[in-house]
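Because only heavy atoms are used, hydrogens play no part in the values below, and waters and symmetry mates are left out as well, while side chains stay in.
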Amino acid sequence: MFDGTDHFPEAQNAIFIHGAREHNLKNLSLTIPRNQFVVITGVSGSGKSTLAFDLIFAEGQRRFLDSMNVYARQFVDQLSRPDVDLITGIPPTVSIEQRNSRGGGKSTVATVTEIYHFIRLLFARLGTQYCPDCQIPVEAQTRDQLGKGLQTEQKKRGDLLLLAPVVRNRKGFHTDVAEWAAKHGYKEIRADGKIYQTSERLRLDRFREHDVEIIVGVLERKPAKTARPPQMLIDETLKLGHGILFALDNHGKLSVHSTERACPKCSRSFGPLDPKMFSYNSSQGWCPKCRGFGELFYLPDVDRGARADAIEESWFEWQEGNRELCPDCNGARLNPIARAVRLRVSEPPPSIDTVASMSVEQAEQFFRKVKFKNHEALIARDIMPEISERLKFLAEVGLGYLQLGRGVPTLSGGETQRIRLSAQLGSNLSGVLYVLDEPTIGLHARDNEQLLNALQSLKSRGNSVIVVEHDEETMRRADHVIDLGPGAGVHGGTVVASGTLEELMRHPDSVTGKCLRAKTGYPARGQRRPVGDPAKRTVKNLWLTIRNASVHNLKNLTVHFPLNRFVTVTGVSGSGKSTLIRECLLPAADAAIKGRKSGAKVSNLSGHDLLQAVYEVDQSPIGRTPRSTPATYVGFFNVIRDLFAQIPEARLRGYTSSRFSFNSAQGRCPECEGAGIIKMEMNFLPPAFVRCEVCEGCRFNRETLDIEFSGKNIAQVLEMSVEEAMEFFTAFQKIKRPLQALCDTGLGYIKLGQTSPTLSGGEAQRVKLVSHLLTGLREPDQFERVPKRNLFILEEPTIGLHMADVKRLVDVIQRLVDAGHSVIVIEHNLDLIAESDWVIDLGPEGGQEGGTIVSQGTPEEVARNKRSHTGQFLRTLLAGK
């Protein structure tokens, strides 16, 4: 049997790929060494992610799943078989991508890394319950003391039903409990809040957790002469409940009474400590008002005060201003009883919400100092190393600034990817192939070294590491570099160079090698736009000023942003960049321009009167359905449809422009409804997407395809790349202009009809930039003395961009600024920072040690600041590579 090694001896200790045709790969054959650190690079759209994820990872996962039985396979979201002739030598694969698997609104950094699970266990086993009202430790009490207190309470509450808890949070039918109760003369039990007769067969849901109590009797205000003495009834209940009883009054109020845990001051009793008491997902632990979210949410169409936490699927649809901190728990997510448990290892003894509010670095230092003695040391022996190791690995990948209680929905894709990487560092696996997608995203140049050390650590354990990356330092640390290209889209999909970085840099056809060899001067345009003093506000020197910004770690900042300039906001990870721009400036400016009240925590905003609108150009998808395309988003598809509607044959048939839309039932294929493909569900196998047999993937019906413009029908036009379409529509400026803008941003390779969900985040962001570029370059009215312009806010637009594409992005930004607009970019990429007119550097560190302005000015001025970490790397860059 041919396995590749017979004809290709070099593939014996390597992954061998032969005849790969997935997406734009052109019958690619390649040998990738195993047990090495390999970087796949190339211009944006050259096929890097296709090779790494759609081919190597997908095939590795598919082969692993093939070893499982068909029953188990149906519960796994399986990837389809890649289009390749042969892949050999592929080990088990683990993918660590940028996608943010948020896991719901209650997930935090500590829960997704499982640190919180061990912290909960530590508090449940070694914590001390304090009374939340009196703030003193609870103590044991005698049965007589409990009985007297209960009888006193009974006089206020009326008759009390005494319940003995026998099952707490356990799955099963629990039929035996009812049978035992009936055998011993008890007539009723209470299961999950509902009362059942013991004479009836009890059968609860086997796979759900249940609480079951035996009803012992009623503590009556006026007991009958034949009734048992109250203390005897209480003692019996305590015996069955192992020192705990519940008292239920006629109003439905349930109270806990314990001989083991009672407040010596107010006599309030508490149940035994359990890990679920500290869970955000358990009714035992969560704050009843916010149900573990820490915030109250209000949907736009729901009356204020009606909690939206019951509709968790709408978590990501809530808009700015529709949430507020829960007043009951102040964002701690837990109820008062859980928050009153303390770990008596220091003074003052911390509660679990105190630990959750610590950063990774602070928590690492805290647990390093914690010491237990005697039997407590035996209990903590296996728990403490698990917590310490996970904290250490989070710090190693540059996430020491993150709070343990930070919500996962607030993390960037790069932060989520590094959290998953830290989990793999703690797994101690070997013989595994790790595939990573740009792990340096969101990392300051200073923190890159820690991340690269972590990747080298994975390799040193006998693993293979494949990284899709554009970062120069990552390429220099790699053992092997694969450069795809030479261009993007249809011009890519081939191996330009494969070998060491030195070999790649010498390759004449490598765009990556050319960029690495080039000696670049900054700024590329020759000089920067002048920026004056913010204290002197003139027509030529305009500023947007935000005062007293104090969200998260920001230290009451007053920041001046020069308008009509290219501004970058920099700083180490966690220094407060996104908080300043996205949570303070953006909502405040948007609200001020629209004349409404803002929820942003700033005292004052000035200079917004010079702005017409503010836009956040992020990397979210431009559409979520296959019917959304770049042509429809940018808007020129309407002009194309109008052209087809003007064809004499179309007018003769009465076709309007709507006929040429795959959203119209008149023109689209009735079988696939304009999708071009049909999804077929397969039992035990991944869903199969097959080309529609009726339209053969054209998406339109036959009558619509009869109409041709310059020899091409509407489906053939949509199959054109932007470059091909620009030549085809060269005589039509309304179409050529947006096509030219797409080419200028490096998107000439994408097809007009490419479905939006297949665009990367960087591609989606550049398509949005183009749409703004087209509307933002109008000439000012001759009567406007100071025309109002727009403010564009971008966060890390260089994500997914090759060094050559970063230059194109800079050109687009400079064009917007030349037209009078203002651009503020949150960025770590030094090449882009060096091109800006003004830099605002935050820090000096991340987390609570950040939130101040370390330096601001031109890149040269920041580079001279010795306190600035950004300046240190800018100094080297501006001095020449």
Side-chain angles (χ1 to χ4, degrees), residues 38-49 52 414 436-445 448 451-452 467-478 481-489 491-492 495-525 566 568 570 619 743-749 760-763 765-766 769 794 796-814 825 827-836 859 870 873-874 876-881:
V38 179
V39 168
I40 300 176
T41 189
V43 297
S44 306
S46 60
K48 303 181 299 298
S49 294
L436 293 91
D437 189 10
E438 293 195 77
T440 61
I441 286 174
L443 269 187
H444 191 272
N448 262 11
L451 175 71
L452 295 174
V467 178
V468 176
E469 190 55 89
H470 297 294
D471 177 64
E472 180 177 342
E473 186 59 31
T474 306
M475 284 188 265
R476 293 191 183 279
R477 291 281 293 270
V481 182
I482 299 168
D483 188 33
L484 296 186
H491 304 301
V495 177
V496 177
S498 178
T500 64
L501 184 65
E502 290 72 21
E503 291 171 337
L504 181 144
M505 290 178 67
R506 291 195 298 267
H507 200 288
D509 299 327
S510 171
V511 177
T512 305
K514 180 181 178 182
C515 291
L516 291 171
R517 293 192 304 268
K519 298 291 184 182
T520 307
Y522 298 97
R525 57 193 286 124
F566 175 15
T568 52
T570 66
Q619 297 204 2
C743 279
D744 291 345
T745 55
L747 294 175
Y749 61 91
S760 69
E763 288 169 336
Q765 188 176 42
R766 281 180 285 161
L769 264 179
L794 294 82
E796 295 194 74
T798 60
I799 290 176
L801 292 191
H802 187 269
M803 291 171 275
D805 297 309
V806 170
K807 295 178 182 178
R808 289 177 170 175
L809 174 68
V810 169
D811 289 340
V812 173
I813 292 174
Q814 299 288 23
V825 181
E827 191 53 82
H828 290 297
N829 186 287
L830 293 171
D831 290 311
L832 186 139
I833 296 169
E835 292 286 354
S836 60
T870 305
F873 291 93
L874 268 178
T876 304
L877 182 71
L878 295 175
K881 293 185 178 181

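- Side-chain contact check for E835 versus P859: every heavy-atom pair is 4.5 Å or farther apart.
- Residue Y749 comes nearest to A488 through the heavy atom pair CD2-CB, 3.0 Å, listed as atom of the first residue, atom of the second, then distance.
- For the pair V495 and L484, the minimum side-chain heavy-atom distance is below 4.5 Å.
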task: Show your reasoning for whether side-chain contact (heavy atoms from CB on, under 4.5 Å) applies to E473 and L452.
output: CA-CA 9 Å; E473 186 59 31; L452 295 174; 3.9 Å; yes
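- The shortest distance between side-chain heavy atoms of P486 and D509 does not fall below 4.5 Å.
- Inter-residue side-chain proximity for L516 and M803 is flagged as met; some heavy-atom pair is nearer than 4.5 Å.
- Annotation for S46 and G487: closest pair CB-O, 3.4 Å, computed over non-hydrogen atoms.
- In this model, a donor atom of one side chain and an acceptor atom of the other lie less than 3.5 Å apart for H802 and T512.
- Looking at every heavy atom in both residues, L504 comes nearest to G513 through CD2-N, 3.6 Å.
- With values rounded to the nearest 0.5 angstrom, D437 atom CG is found 10.0 Å from I799 atom CD1.
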- prompt: Can you check side-chain contact (heavy atoms from CB on, under 4.5 Å) on N829 and D471, steps first, answer last?
  reply: CA-CA 9 Å; N829 186 287; D471 177 64; over 6 Å; no
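- A salt bridge between R506 and E502 is absent, with no side-chain N of the basic residue lying under 4.0 Å from a carboxylate O of the acidic one.
- Between L832 and F566 there is a side-chain heavy-atom pair separated by less than 4.5 Å.
- With hydrogens and angles ignored, the 3.5 Å screen pairs no side-chain donor or acceptor of R808 with any backbone N or O of D744.
- Note that CG of D483 and OG1 of T41 are 6.0 Å apart. Values are rounded to the nearest 0.5 Å.
- Within the 4.5 Å cutoff, side-chain heavy atoms of R476 are placed close to those of L501.
- Note that NE2 of H507 is 10.0 Å distant from OG of S498, once rounded to the nearest 0.5 Å.
- Here CG of L443 is found 9.0 Å from CD of E796. Values are rounded to the nearest 0.5 Å.
- Counting only N and O atoms by type, the side chains of T440 and E469 include a donor and acceptor under 3.5 Å apart.
- Here the CE-OG1 distance, from M475 to T500, works out to 13.0 Å after rounding to the nearest 0.5 Å.
- Side chains of E827 and T798: a donor-acceptor N/O pair is present below 3.5 angstrom, by distance only.
- At least one donor-acceptor pair closer than 3.5 Å links the side chain of K48 to the backbone N or O of V43.
- For the residue pair P439 and L451, the shortest heavy atom distance occurs at O-CD2, 3.3 Å.
- The two residues G748 and C743 have their closest heavy-atom pair at CA-SG, 3.9 Å.
- The CG atom of L801 lies 6.0 Å from the CG atom of L809; values are rounded to the nearest 0.5 Å.
- Checking V810, I813, I833 one by one against V825, the side chain to side chain contact (heavy atoms under 4.5 Å, CB included) holds for a single residue, I813.
- Contact check for V481 versus V38: no side-chain heavy atoms found under the 4.5 Å cut-off.
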query: Taking it one step at a time, do D831 and L877 satisfy side-chain contact (heavy atoms from CB on, under 4.5 Å)?
result: CA-CA 8 Å; D831 290 311; L877 182 71; 4.0 Å; yes
